[in-house]
Amino acid sequence: MQFFLDTADVHEISALVETGLVDGVTTNPSLIAKSGRQFIEAIKEICALVPGPVSAEVAATDFETMLAEGEKLAGIAKNVVVKVPLTYDGLRVCKILSGQGVPVNVTLCFSANQALLAAKAGAAYISPFVGRLDDIGQDGMELIHDILDVYSNYPEFYTQVLAASIRHPQHVLAAAKAGAHVATMPASTLKQLYHHPLTDKGLAAFVSDWAKTGQRILDVAPSTKKTA
Ligand code: G3P
């Protein structure tokens, strides 16, 4: 499973890229507004930091402007993925850009039928919003399962399921169990995945017991001969 960071905060991204666990980044207009950054500059910087796919979303909602924006965004860097909303015009733009070899992420997906349309339009990624469905009392993860089921019937589809609007570690685990190709999550959620109180407790005991031995691993000269 690939992990994408769902943020436009360059500092947050650069800190987590060091872990080697960040496969890509997704942004959206709300995240750009939150970052306070100039959009194109921020995308350029993120693309230089992260070798994997970086989703940059069009701002317009009409076909002509969305297409022009998508073409402009695709020109920023080789790893830009153009993000378009799941609308009639958004899917038209998806079909055209995909046909030109530009990877497209279709966002704001809330039904399996919408995901089916995105796959037919050649999307590289479909972004079902898990958390926002949970917010209105529906089961967001059920949508992930439904889309994966539908796509598995059609081997010619290459659209990857990118579980979005991930809010907590349980979402990540459920998306991984379902077999989602990608989970995009806030930096805070990725950091939460590391933590378990028993890990902290166990480590504290190891550190304290090790101190009692009075030994230091780095003080011992390595033996030249390895034992089997
Ligand atoms: O990738 C889409 C995501 O940013 C939406 O998340 O938490 O605003 O529903 P959220």
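Ligands are counted one by one from 1 in listed order, and the atoms in each one are counted from 1 as well.
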Could an N or O of ligand 1 be found under 3.5 Å from any N or O of N28, whether backbone or side chain?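 Yes, there is a polar N/O contact under 3.5 Å.
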
Please report whether ligand 1 has a polar contact with D6, defined as an N or O pair separated by less than 3.5 Å (distance criterion only). yes

Any side-chain heavy-atom pair from S55 and T184 closer than 4.5 angstrom?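 No. Closest side-chain heavy atoms not under 4.5 Å.
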
Electrostatic pair D135-R132, nearest N-O below 4.0 angstrom: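 Result for this pair is no, no salt bridge flagged.
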
To atom 7 (O) of ligand 1, the nearest of R132, K83, R167 on a heavy-atom basis is R167

Of all protein heavy atoms, the one nearest atom 6 (O) of ligand 1 is S165 CA, 3.4 Å

Please check if L173 and L5 belong to a single hydrophobic cluster, counting links between Ile, Leu, Val, Met, Phe, Trp and Tyr side chain heavy atoms closer than 4.5 Å. no

Just which atoms of ligand 1 are under 4.0 Å from any heavy atom in F129? 2 (C), 5 (C)

So if I count the atoms of ligand 1 from 1 in the order they appear, which ones are less than 4.0 Å from some heavy atom of A164? 1 (O), 2 (C)

For the pair F157 and Y154, name the ring-plane relationship: parallel under 30°, tilted 30 to 60°, perpendicular over 60°. tilted

Might you work through the side-chain hydrogen bond (donor to acceptor under 3.5 Å, both in side chains) test for D134 and H171, ending with a clear yes or no? CA-CA 11 Å; D134 290 355; H171 275 156; 2.7 Å; yes

